[in-house]
Amino acid sequence: MALASPCLPRAGSPLVIVVHGGGASNISKDRRERVCQGVVRAATTGYCILKNGGSAVDAVEGAVVVLENDPEFNAGCGSVLNTIGDVEMDASIMDGKDLSAGAVSAVRCIANPIKLARLVMEKTSHCFLTAHGAARFAASMGIPQVSREHLVTERNLRHLEKEKKGQQKTDCEKNLGTVGAVALDSKGNVAYATSTGGTINKMIGRVGDTPCIGSGGYADNDIGAISTTGHGESILRVNLARLTLFYVEQGKTLEEAAKTALEYMKSKLSGLGGVILVNKKGDWVAKWTSTSMPWAAAKNGKLYCGIDLGDTRVTDLKVS
Ligand code: ASP
């Protein structure tokens, strides 16, 4: 009996992955290409995982790890700095198959908070571990510590300095750069993952929306999966992820739901942000109210990516 090649997609749901690199007020010319390459690399990695039979959870984790390891993004080794120049990171992940979820907040000195969030989901009876407890759990799981220097970039030191001098934009308009992914696997399961360094010059211990299930993301096979980015204090107050999926449950298309929820947050709180969504049918959308949002998506052998409104590039997906 011939065995199916592990590289061929199995019959079933279409394979889809969408990633974002955070809502942004503007992205300088010299960063645009690097940011674009970063989201494309993450989407391609996630798609390969799906194509090789990996689950939606495997794919979103894999894609987010690529972005956490890329200093262009505000997560992992590109995290923005808090008021004392330190890195405190938040992350969450959710499996739409059974609503299992894991989150960590205010974690320091590890390379990939999303991996720790997944371990919280799979190896504990809890959903959310923070700071000291999350660090102890990471050590017990054998996650190596990295130095502060590994996570602090020159660019973020300059941003913090500017912020302290009052030269940055308002909270709602900053170039934030959180990362996230949503995916649909061949078995029809959806998942999301979101990871961030938070906001520049934040207070020690500040936790934003990213690790909060229902704000930083949500996944339910019956509705879809979503990852959010933007002004955390606004996203938290409108529960942006669950609100968007509520509109989907009410019968709106993914596009309409994303638009309605983002407009609601903007009109109520002047909060800007962005979302990526996928559903069981393989429909997907990337939408934002911030000036721009780097994103990439892979489906049916095609790769889509963009940064600003109306600049979607479509190419053939090159995967081995
Ligand atoms: N939402 C994140 C936070 O407030 C920031 C971002 O999306 O860039 O922590």
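In each ligand, atom 1 is the first atom listed, and ligand 1 is the first ligand listed. Quick note: numbers below take in every heavy atom, side chains included, and nothing from hydrogens, waters or symmetry partners.
Residue contact check: Thr210 has heavy atoms under 4.0 Å from atoms 1 (N), 2 (C) of ligand 1. Heavy-atom contacts of Thr178 reach the following atoms of ligand 1: 2 (C), 5 (C), 6 (C), 7 (O), 8 (O) (cutoff under 4.0 Å). Of all atoms in ligand 1, listed by their number and element, those nearer than 4.0 Å to a heavy atom of Gly177 are 8 (O).
A donor-acceptor contact shorter than 3.5 Å links the side chain of Asn74 to the backbone of Gly198. In this structure, Asp209 contributes its side chain and Ser234 its backbone to no donor-acceptor pair below 3.5 Å.
Expressed to the nearest 0.5 Å, how far CD of Glu88 lies from OG1 of Thr130 amounts to 8.5 Å.
The shortest N or O to N or O distance between Gly232 and ligand 1 is below 3.5 Å. At a 3.5 angstrom cut-off on N or O pairs, Thr199 does not count as close to ligand 1. Any N or O atom pair closer than 3.5 Å counts here, and Asp209 shares at least one such pair with ligand 1.
In this structure, of Thr229, Val80, Leu236, the residue bringing a heavy atom nearest to atom 7 (O) of ligand 1 is Thr229.
The shell of residues lying under 4.0 angstrom from ligand 1, judged by heavy atoms, includes Arg206. At least one heavy atom of Gly198 sits closer than 4.0 Å to an atom of ligand 1. For Gly23, the heavy-atom gap to ligand 1 stays at 4.0 angstrom or more.
Of the charged side-chain nitrogens involved, none lies within less than 4.0 Å of a carboxylate oxygen, so that Lys299 and Asp283 do not count as a salt-bridged pair.
Neither side chain, Asp86 nor Asn82, offers a donor N or O lying under 3.5 Å from an acceptor on the other. Side-chain polar atoms of Tyr192 and Ser92 form a donor-acceptor pair below 3.5 angstrom. Judged purely by distance below 3.5 Å, without hydrogens or angles, the side chains of Lys259 and Thr289 never pair a donor atom with an acceptor atom.
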